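Below is one structure; the comments refer to it alone.
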2 protein chains.
Amino acid sequence: MALPTIDDDSLAASLFEVFRCRGYEGTSISLLSEVTGLKKSSLYHRFPAGKDDMAKAVVLYVSSQLHTYIIGPLLNDKQVPEQRFNTMLTTINSFYHEGKKNCLLNVLSLGEKKKEISELLNKDYSDWLDALIKLAKDAGLSKKEAKIRSEHFLIAIQGALVIQRLINNSQTFQNAMEYEEKLFFK
Amino acid sequence: MALPTIDDDSLAASLFEVFRCRGYEGTSISLLSEVTGLKKSSLYHRFPAGKDDMAKAVVLYVSSQLHTYIIGPLLNDKQVPEQRFNTMLTTINSFYHEGKKNCLLNVLSLGEKKKEISELLNKDYSDWLDALIKLAKDAGLSKKEAKIRSEHFLIAIQGALVIQRLINNSQTFQNAMEYEEKLFFK
DNA sequence: GTCTATAAAGAGATAGAC
DNA sequence: GTCTATCTCTTTATAGAC
């Protein structure tokens with residue numbers, strides 16, 4: 001009883017790869033159709049509100065990944081903060097393909113704002129930030145310093161992704177992350 | 001003898017505002033026509049190669065601004081490094097409208113690469129980086145440390161712009177820049 | 001739930017008058 | 001150098017058969 005159709009998660013994963021590479025405006029339904037193997041009308045059947053709906057599904061998919069693989073482990077009290085941070089670095093290195101892939105937080109917040117998508121992205125950022133702040137406090141930092149360093153780290157991720165894409169140097173992201181790790185616990 | 005038409009620099013400035021807000025794919029010729037007050041065919045008259053040509057003109061325009069108002073003053077030996085850095089902060093704060101406007105280095109390096117534009121953006125980044133490295137060495141840092149801190153600072157600019165756009169908090173960029181200034185000279 | 005076919009609007013781009 | 005008018009292709013989206 002083979003599945004006659006691609007399941008929602010795999011579908012979202014395929015859409016995600018296109019949106020993260022090309023941004024919202026740069027992504028066409030035709031391209032999504034090619035990549036997923038579903039005809040355009042099938043995509044509309046599964047996402048009745050159209051392209052916005054597809055982007056939203058992608059954001060929800062990534063949000064779920066973020067909470068499962070990054071935020072969850074960040075809050076795992078059974079490991080010391082340094083270990084948890086290091087686990088996060090490994091995960092994001094893989095998630096961003098060593099810095100060669102973009103972050104939705106950047107590419108989908110460009111241009112005309114779709115309010116609902118902005119709010120979802122915002123919430124993800126905020127959740128990630130809160131988890132980092134908690135970790136930093138666990139590591140002994142003051143509340144204020146924990147907040148500053150956590151914001152700084154998330155800024156560094158986004159910036160390093162932009163710069164690596166710009167100069168096309170495959171080491172930029174990883175080097176930056178190693179540097180940030182030292183700064184975070186210094 | 002009033003000018004019958006908008007001059008090249010003002011035109012590029014208008015195009016720039018659209019491209020920086022909406023990115024390459026999000027910018028349509030119709031919109032550029034509205035914003036500049038020139039009909040579409042007039043735009044094509046001035047940019048025969050079309051949209052790519054317009055984007056290229058924007059990059060060249062911004063590159064000129066970057067060298068005049070940022071890189072030049074960074075290399076001005078008559079001021080101490082701290083003063084020069086501070087001048088740069090004031091300038092970029094204005095250039096990015098206190099962090100509310102995007103950087104071309106981010107928005108134009110998305111999606112399908114136009115090779116020529118990528119190379120121009122790359123050169124601008126590289127020039128800016130070199131000027132910062134020289135300044136850092138003037139401030140007494142080792143060559144290696146100068147390079148690391150300069151890269152880190154340019155990463156922080158891009159990251160702070162992304163995060164401010166994302167969370168729509170008008171203080172993010174300025175706070176980040178103040179923090180980075182301390183890190184740079186520490 | 002997927003498909004073929006098609007509609008309607010918008011995109012980038014060009015021709016030719018003034 | 002700018003304009004009106006138009007072309008062609010692609011876009012988002014829908015209708016209806018299977």
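Nothing here was measured: the structure is a model prediction, and the numbers come from that model. Lettering follows sequence order; numbering is per chain, from 1.
- Electrostatic pairing of B:Lys123 and B:Glu119 does not count as a salt bridge here, judged by no charged N lying under 4.0 Å from a carboxylate O.
- Rounding to whole angstrom units, CG of residue B:Leu31 and P of C:dA13 are separated by 15 Å.
- Taking the charged nitrogens against the carboxylate oxygens, A:Lys134 and A:Asp138 do have a contact shorter than 4.0 Å, which makes a salt bridge.
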Task: Intermediate values then yes/no, salt bridge (Lys or Arg N to Asp or Glu O under 4.0 Å), B:Glu178 and B:Lys182 - done: CA-CA 7 Å; B:Glu178 284 173 27; B:Lys182 287 180 210 148; 5.7 Å; no
Side chains of residues 101-110 of chain A: which donor-acceptor partners sit under 3.5 Å, not counting sequence neighbours?
unit_1, atom_1, unit_2, atom_2, d
A:Lys101, NZ, A:Glu17, OE1, 3.4
A:Asn102, OD1, A:Arg165, NE, 2.6
A:Asn102, ND2, A:Arg20, O, 2.9
A:Asn106, OD1, B:Asn106, ND2, 3.1
A:Asn106, OD1, B:Arg165, NH2, 3.1
A:Asn106, ND2, B:Asn106, OD1, 3.2
A:Ser109, OG, A:Leu105, O, 2.8
A:Ser109, OG, A:Asn106, O, 3.2
A:Ser109, OG, B:Arg165, NH1, 2.7

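- Sorted pairs that involve residues 27-38 of chain A and meet side-chain hydrogen bond (donor to acceptor under 3.5 Å, both in side chains), not counting sequence neighbours, are lacking altogether.
- Near DNA chain C, meaning a heavy atom under 4.0 Å away, there are no residues from residues 8-30 of chain A.
- Crowding of B:Lys39 atom NZ: a count of heavy atoms from other residues, nucleotides or ligands under 6.0 Å not exceeding 12.
- Listed by first then second residue, pairs satisfying side-chain hydrogen bond (donor to acceptor under 3.5 Å, both in side chains) with a partner in residues 51-75 of chain B read B:Tyr24-B:Asp52, B:Lys56-B:Glu116, B:Tyr61-B:Gln65, B:Ser63-B:Asp124, B:His67-B:Asp127, not counting sequence neighbours.
- A heavy-atom distance below 4.0 Å to DNA chain C is reached by these residues of residues 38-54 of chain B, ordered by number: B:Lys40, B:Ser41, B:Tyr44, B:Gly50, B:Lys51.
- Alongside A:Val162, the hydrophobic cluster contains B:Val162 (criterion: ILVMFWY side chains under 4.5 Å).
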